[in-house]
Participant: 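Dumping the structure here so I can ask a few things about it.
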Amino acid sequence: MSALHQLRIADWLKTTPTGQTITVSGWVRTKRGNKDIAFVALSDGSTINTLQIVAELVNFDEEIIKKIQTGCSLRVTGALVASQGAGQTVDLQAQKIEILGEADAEKFPLQKKKHTLEFLREIAHLRPRTNTFGAILRIRHALAFAIHKYFNDHHFYYIHAPIITGSDAEGAGEMFRVSTIDPQNPPKTGNGEIDYSQDFFGKSANLTVSGQLESELAAMALSRVYTFGPTFRAENSNTARHLAEFWMIEPEMAFFELTDNMDLAEDFLQYLIKYAMEHCADDLVFLEKRLIEEESQLKKEDRNPMPLLEKLKFVSETAFERITYTEAVAILEKSGRKFEFPVKWGIDLQSEHERYLVEKHFKKPVILTNYPKDIKAFYMKLDEDGKTVRAMDVLFPGIGEIIGGSQREEDYEKLSKRIDEMGIHRESLWWYLETRQYGTVPHSGFGLGFERLVLFVTGMGNIRDVIPFPRTPKNLEF
RNA sequence: UCCUUGGUAGCUCAGCCGGUUAGAGCAUCUGACUGUUAAUCAGAGGGUCGCUGGUUCGAGCCCAGCCCGAGGAGCCA
């Protein structure tokens, strides 16, 4: 049978064992046994669970059995039978064992024991073979798939925003330069600066920090669009919540106002969480157990108030609190709490403030809206009072800002004025401004950091552990 | 980038006030064991104490610089 149609371990574990002869392939997790019999836990990544291979040693060459060690790959043919042991329902009584690739036990870094996440980061080429990363990668896949499904079902078109861009006017962060100029001998202009007119694109180029502006252009024709692609920030951020390369989802909708935008964000997030709970139940149960075990060493106040699955259920079923920035500041001022950064209308809210609102005051996700215009981006729609803008940030417990979005300024004159006020180079945005001159409409959108979503759903603590090969300052291995 | 903290065996860690041959558990290897569940039991091997320089009769330990990790902060998604 073609490998394409072969059943996987996940499929076999669900079937009723009748002694039928099957063939499975995978990697050895552990081998146990005595001089008569060997038990091998085999994984093919299709599920967190392993298939137990039972080998009566009299039937096999001693050399073969010796080579079956943690990490090696096997193809096994045998009879699928009900297990005599207690730990699993089915066994594969091996008739033929083929070693596809050996793994020297003295050198193979993954052992039959717990490893720290920090150590596994150093062996990112092998960590998908652990239970934890297998679970995370399957959940990550399910969420990515669910994102496309949700948007498709809601009549959004998937737009591919460019990864190399010439515009640097968004102010979303430091950018990585893209260039083919010889760094040893760059062409210079008369005043000694590097002459990018001689570079590949004839001007200075960067990796994108956001697909939003391009998304807006497409929304002005297709009404509902979204991007889902890699995004790059050259910020020297060393935290458990930042990556230099991450994946972002950015829907942009014509004819959506701020409230519609909030409705979408809330429905979308709750759908994604429910999807993961429905399709990755085994993996989530495993991660929940892992988390409880890990947190058992912590003090009570440092633990998560709810087990993972309960938290996901709660967030996916509870309406998010929606309050304005001004109301939030009032709550913080009345809280009587001493914050490291004192609260005053006009300041950007700090982590400690957001955490208080989400984790202490409301105890559920919060959507903060109508921030002061001076702490937000130029493209956000000005409110009638002239002081605030129609921004919205979705704050999640333990994560902080998971979504940042806004209704966009569709009025040419107002947008133009904001660009000048904020000292932005308007010539490089001529194409963006034209959308406000030709058939402008009210529209809104937001950005969701994909890894932050995966972080929340998996309950993991460090964003470097929810992406296969993290890119962070001083780290470009693999 | 700032603050705090750490780097000792393959992994997780201990190592007293600077003192003789640097330890433990797990992993690995060898042996024992009639169905194991991170199997169990017994034994063995395994070290550039992050790097560079300095202080000292003597440095894993003290000092300086650098590299890397973790927690927190800032920036944000």
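Protein chains get the first letters and strands the later ones, always in sequence-line order, with residue 1 at the start of each.
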Participant: In whole Å, what separates the P atom of rC16(B) from that of rC63(B)?
Facilitator: 14 Å

Participant: Glu477(A) CD to rC67(B) C1': how many Å, rounded?
Facilitator: 15 Å

Participant: Which whole-number value in Å describes the distance from Gln111(A) CD to rU12(B) P?
Facilitator: 9 Å

Participant: What nucleotide, of rU30(B), rG74(B), rU28(B), holds the atom closest to the side chain of Lys66(A)?
Facilitator: rU30(B)

Participant: side-chain contact (heavy atoms from CB on, under 4.5 Å) with Glu352(A): which residues, sequence neighbours excluded?
Facilitator: Phe339(A), Glu340(A), Phe341(A), Gln350(A)

Participant: Contact class for Phe119(A) vs. all strands (heavy atom < 4.0 Å): base, sugar-phosphate, or nothing?
Facilitator: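 It contacts sugar-phosphate atoms only.
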
Participant: For the residue pair Tyr371(A) and Tyr325(A), categorise the inter-ring angle as parallel (less than 30°), tilted (30 to 60°) or perpendicular (more than 60°).
Facilitator: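 Correct class here is tilted.
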
Participant: Spell out protein contact along nucleotides 34-41 of chain B as letters: B when the base is contacted, S when just the sugar-phosphate is, - when no protein heavy atom is under 4.0 Å; keep the 5' to 3' order.
Facilitator: SBBBBB--

Participant: Can you list everything that forms a ring-ring contact (aromatic ring centres under 6.0 Å, His included) with Tyr226(A)? Sequence neighbours excluded, please.
Facilitator: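 Checked Tyr226(A) against ring-ring contact (aromatic ring centres under 6.0 Å, His included); matches are His148(A), Phe151(A), Tyr158(A).
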
Participant: Between atom CG in Leu448(A) and atom C1' in rA77(B), what is the gap in whole Å?
Facilitator: 8 Å

Participant: Given the rule in the salt bridge (charged side-chain N to carboxylate O under 4.0 Å, His left out) test, do Lys67(A) and Asp61(A) qualify, once you have shown the distances and angles that lead to the verdict?
Facilitator: CA-CA 10 Å; Lys67(A) 283 178 182 166; Asp61(A) 193 44; over 6 Å; no

Participant: Rounded to the nearest Å, what distance is computed from the NE2 atom of residue His242(A) to the C1' atom of nucleotide rA73(B)?
Facilitator: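 My rounded result for the distance is 11 Å.
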
Participant: Who are the side-chain contact (heavy atoms from CB on, under 4.5 Å) partners of Asn475(A), not counting sequence neighbours?
Facilitator: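 Residues passing side-chain contact (heavy atoms from CB on, under 4.5 Å) with Asn475(A): Thr472(A), Glu477(A).
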
Participant: Under the rule for side-chain contact (heavy atoms from CB on, under 4.5 Å), what residues qualify as partners of Ile163(A), not counting sequence neighbours?
Facilitator: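 Ile163(A) satisfies side-chain contact (heavy atoms from CB on, under 4.5 Å) with Leu207(A), Pro230(A), Phe232(A) once adjacent residues are dropped.
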
Participant: Can you tell which of rU12(B), rG74(B), rC29(B) lies closest to the side chain of Thr239(A)?
Facilitator: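 Closest nucleotide among those given: rG74(B).
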
Participant: Between rG19(B) and rC62(B), how many Å separate the two P atoms, rounded to a whole number?
Facilitator: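 Roughly 11 Å separates the two P atoms.
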
Participant: Can you tabulate the close N/O pairs, meaning under 3.5 Å, that link protein atoms to atoms of nucleotides 46-51 of chain B?
Facilitator:
none

Participant: Mind calculating the distance between CD1 (Ile375(A)) and C1' (rC76(B)) to the nearest angstrom?
Facilitator: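 In whole Å, rC76(B) C1' and Ile375(A) CD1 are 13 Å from each other.
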
Participant: Would you tell me if any nitrogen or oxygen in the side chain of Ser351(A) comes within less than 4.0 Å of OP1 or OP2 on rG74(B)?
Facilitator: yes

Participant: Quick one: side-chain hydrogen bond (donor to acceptor under 3.5 Å, both in side chains) partners of Ser335(A), sequence neighbours excluded?
Facilitator: none

Participant: In whole Å, measure the gap between the C1' atoms of rC67(B) and rU52(B) for me.
Facilitator: 10 Å

Participant: Is there a donor on the side chain of Ser237(A) or the base of rC76(B) sitting less than 3.5 Å from an acceptor on the other?
Facilitator: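 Such a pair does not exist between side chain and base.
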
Participant: Does a side-chain heavy-atom distance below 4.5 Å link Arg471(A) with Leu476(A)?
Facilitator: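 Touching, per the 4.5 Å side-chain cut-off.
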
Participant: With a 4.0 Å limit, can you tell me whether Arg355(A) has a side-chain N or O closer than that to the phosphate oxygens OP1/OP2 of rA73(B)?
Facilitator: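 Affirmative; the distance criterion is met.
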
Participant: Salt bridge or not between Asp263(A) and Arg322(A)? Use side-chain N to carboxylate O under 4.0 Å.
Facilitator: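 Yes, Asp263(A) and Arg322(A) are salt-bridged.
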
Participant: Whole angstroms only, please: what is the NE2-C1' distance between His353(A) and rA73(B)?
Facilitator: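 Checked: the NE2 to C1' distance equals 13 Å.
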
Participant: Please list all pairs meeting ring pair (Phe, Tyr, Trp, His ring centres under 6.0 Å) that have one or both residues in residues 36-87 of chain A, counting only residues at least two apart or in different chains.
Facilitator: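 Residue pairs passing ring pair (Phe, Tyr, Trp, His ring centres under 6.0 Å), neighbours aside: none found.
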
Participant: Using heavy atoms to find the nearest nucleotide of RNA chain B for Gly404(A) and Glu352(A) separately, return the residue whose nucleotide is more 5′.
Facilitator: Glu352(A)

Participant: Any carboxylate oxygen within less than 4.0 angstrom of a Lys/Arg side-chain nitrogen, looking at Arg290(A) and Glu294(A)?
Facilitator: yes

Participant: Touch check for Leu243(A), heavy atoms < 4.0 angstrom, all strands: base, sugar-phosphate only, or nothing?
Facilitator: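 Leu243(A): base contact, heavy atoms under 4.0 Å.
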
Participant: Could you give the distance separating rG69(B) and rG50(B) at their C1' atoms, to the nearest angstrom?
Facilitator: 11 Å

Participant: Would you tell me whether Tyr379(A) and Glu216(A) have side-chain atoms, one donor and one acceptor, within less than 3.5 Å of each other?
Facilitator: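 No, no side-chain donor-acceptor contact under 3.5 Å.
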
Participant: Is the aromatic ring of Phe450(A) within stacking range of rA77(B), meaning centres under 5.5 angstrom and planes under 30 degrees?
Facilitator: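 Here the ring of Phe450(A) and the base of rA77(B) are not stacked, as the 5.5 Å and 30° limits are not both satisfied.
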
Participant: When Ile323(A) is tested against each of Val329(A), Thr369(A), Ile331(A) for side-chain contact (heavy atoms from CB on, under 4.5 Å), which residue passes?
Facilitator: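 It is Ile331(A), the one option of Val329(A), Thr369(A), Ile331(A) that forms the side-chain contact (heavy atoms from CB on, under 4.5 Å) with Ile323(A).
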
Participant: Please measure how far the C1' atom in rU34(B) lies from the corresponding atom in rA70(B), and state the result in whole Å.
Facilitator: 48 Å

Participant: Please name all residues satisfying ring-ring contact (aromatic ring centres under 6.0 Å, His included) with Phe256(A), sequence neighbours left out, ordered by chain then number.
Facilitator: none

Participant: How does RNA chain B look in dot-bracket notation if pairs are Watson-Crick or G-U with both distances under 3.5 Å, crossing ones as [ ], other-strand ones as |?
Facilitator: (((((((..((((.....[...)))).(((((.......))))).....(((((..]....))))))))))))....

Participant: Can you tell me, in whole Å, how much space there is between the C1' of rG60(B) and that of rC13(B)?
Facilitator: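 Approximately 14 Å lies between the C1' atom of rG60(B) and that of rC13(B).
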
Participant: Compare side-chain N and O positions of Gln350(A) against OP1 and OP2 of rA73(B) and report whether any pair is under 4.0 Å apart.
Facilitator: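 Gln350(A) to rA73(B) OP1/OP2: no side-chain N or O under 4.0 Å.
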
Participant: So, Gln20(A) and Thr18(A): side-chain donor and acceptor under 3.5 Å apart, yes or no?
Facilitator: yes

Participant: Considering only atom C1', compute the distance from rC61(B) to rA44(B) and round it to an integer number of Å.
Facilitator: 31 Å

Participant: Kindly give the atom pairs (protein nitrogen or oxygen, nucleotide nitrogen or oxygen) under 3.5 Å for nucleotides 68-70 of chain B.
Facilitator:
from	atom 1	to	atom 2	distance (Å)
rA70(B)	OP1	Arg121(A)	NH1	2.2

Participant: Taking only Lys NZ, Arg NE, NH1 and NH2, and the carboxylate oxygens of Asp or Glu, determine whether Asp283(A) and Arg140(A) approach each other closer than 4.0 Å.
Facilitator: no

Participant: Has the side chain of His115(A) got a donor or acceptor that lies under 3.5 Å from a partner of the other kind on the base of rC11(B)?
Facilitator: no

Participant: Can you measure Leu395(A) atom CG to rC76(B) atom P for me and round it to whole angstrom units?
Facilitator: 14 Å

Participant: Who passes side-chain contact (heavy atoms from CB on, under 4.5 Å) against Thr89(A), sequence neighbours left out?
Facilitator: none

Participant: Is Ile402(A) touching bases, backbone alone, or none of the nucleic acid, heavy atoms closer than 4.0 Å?
Facilitator: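 Since only primed, P, OP1 and OP2 atoms lie under 4.0 Å of Ile402(A), the category is sugar-phosphate.
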
Participant: Going by modelled atom types, is there a donor-acceptor pair between the base of rC76(B) and the side chain of Arg452(A) at under 3.5 Å?
Facilitator: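 Side chain to base: pair found, below 3.5 Å.
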
Participant: Check the distance between rG10(B)'s P and Glu106(A)'s CD and give it to me in whole angstrom.
Facilitator: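 Going from Glu106(A) (CD) to rG10(B) (P), I get 12 Å.
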
Participant: Expressed in whole Å, how much space separates the P atoms belonging to rA9(B) and rA24(B)?
Facilitator: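 To the nearest whole Å, 14 Å.
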
